[in-house]
Structure formats: structure tokens, C-alpha cells
Amino acid sequence: MGHGSDVIAELTTDHREVDDLFAQFDDAPPGSEARKRLMDALTIELVRHSVAEEQYLYPAVREHLEEGDALADKELEDHARVEQLLKDLQQRDAGDLDFDRLVVKLRTEVTAHVDDEENYLFTQLRNGVHPYVLEELGDKIRQAKKTAPTRPHPAAPSTPPANKLLAPGLGLVDRVRDYVSGRGQ
């Protein structure tokens, strides 16, 4: 946490952490327990990141950018696909026949989403939103990730105000489950 001062730096750092986790996954032997642990780590990072974006980034996109509603809706659709893939992967062992196939689909979705954000959305934010607002959003994103869920919840609301009300409770339950099971440690 606390990667950068503004929302763009914060989220870009998250993206590089996800890239690193995918690279570590590639280096782990197929079907190994290490791959399952790395997928758990990827899931935790991706869910926390997505929830924070849904709570603060996309409402700001709607408010500050021309065609912000369409941009935010597209990003939320990306998140829904990724979250469903994470849910599917959570229910499988690394040795399952379709585990690696689902990881390839997940990586494809995540890579496209990251490319879109970094090459299009972040440029619009940098050009169209005051730096103070971007810094404030960075703080909100960092705080949201501290209480965000760590497991996929595809049926949970992805837009305010419901997501801001439910996410901390889901996050608490997820962190208790993670602690008890040793997941993510």
C-alpha cells in the first residue's frame, strides 16, 4: 500500500505487481501447490484493486470525463468477466485439467483491461482532472484496499452506494477466512 501519491501512480504500481505475480506463476511447475498459492495471491490483489476502483475511480470517471458513463460501464464489464474467472479458478486445484486454460483466459482479460486503463483512461484522467483530485483519489484507493474483500464475489454490487456499504463487511469475512485457512500468507 502507499505506492504513489496519486491514483494513476497507485493503480499503475498495482498493475506491475500483478504482472510480477503472473511471471512467478509461469515459473512455477505446472500442477504445483506453488501455482495455487500464486493464484490465491493474484486473486487477493486483483479483487482488492477492482473493489477500490469500483468504489472511487469509476465514479470519478463518470463525474469528470466526457463520456465518463460509457467508459466506467466498459471497465465494470471487464471487472465482471475477471471476477467470474477468479471465482471459477478458486474452485479448482492447480492440477485440474482446465486450471491453466482458465489462467490463460484470466491473463488475457487482465492484460487487455490494464492496457486500456494505462493507454487510454489514465491519459484522459491526467489531462482532464485536477492533480489535487487525482491525489485525493489515490488516498481513497489506498484506504479502500485495506478493507476490501480478498475473494471474488461476482453477485456483489459494483457501483455506489451499495458497494461502499457491503465491501468492508465482505472484506472482514474474507480476511477472517484467509487467516483461518492460511490463504495468502
Minimum heavy-atom separation for [X] and [Y], please, with both atom names.
X    : Y    : value
A60  : L137 : CB-CD1, 3.6 Å
V61  : A72  : CG1-N, 4.2 Å
E66  : L71  : O-CD1, 4.1 Å
L65  : Q124 : CD2-O, 3.6 Å
K36  : L89  : NZ-O, 3.3 Å
E135 : R142 : O-NH2, 4.5 Å

Is the shortest heavy-atom distance from the side chain of [X] to the side chain of [Y] under 4.5 Å?
X    : Y    : answer
F99  : D93  : no
V129 : V7   : no
L11  : E53  : yes
L134 : R126 : yes
P131 : D6   : no
K145 : I141 : yes

Once rounded to the nearest 0.5 Å, what's the spacing between atom [atom1] of [X] and atom [atom2] of [Y]?
X   : Y    : atom1 : atom2 : result
M39 : Q90  : CE    : CD    : 11.5 Å
Q55 : T147 : CD    : OG1   : 6.5 Å
T12 : E118 : OG1   : CD    : 4.5 Å
E33 : R35  : CD    : CZ    : 12.5 Å
E45 : T150 : CD    : OG1   : 11.5 Å
D73 : R62  : CG    : CZ    : 4.5 Å

Side chains of Q84 and D88: is there a donor and an acceptor less than 3.5 Å apart? yes
Classify the side-chain pair E117/H15 by whether it contains a donor and acceptor separated by less than 3.5 Å. yes
Enclosure of K74 NZ (heavy-atom neighbours >12, cutoff 6.0 Å): yes
Would L86 and V82 count as a side chain to side chain contact (heavy atoms under 4.5 Å, CB included) here? Give the steps. CA-CA 6 Å; L86 291 171; V82 166; 3.9 Å; yes
Assess whether side chain to side chain contact (heavy atoms under 4.5 Å, CB included) is satisfied between L57 and L125, documenting all intermediate values. CA-CA 10 Å; L57 179 65; L125 287 169; 3.6 Å; yes
My understanding is that only one of D20, D19, T13 makes a side-chain hydrogen bond (donor to acceptor under 3.5 Å, both in side chains) with R16; could you say which? D19
Please work out which of the three classes, parallel, tilted or perpendicular, describes the rings of H113 and Y58, given edges at 30° and 60°. perpendicular
Assess whether side chain to side chain contact (heavy atoms under 4.5 Å, CB included) is satisfied between Y56 and D139, documenting all intermediate values. CA-CA 10 Å; Y56 295 104; D139 290 340; over 6 Å; no
Have a look at R107 and tell me which of V18, D26, L85 forms a side chain to side chain contact (heavy atoms under 4.5 Å, CB included) with it. D26
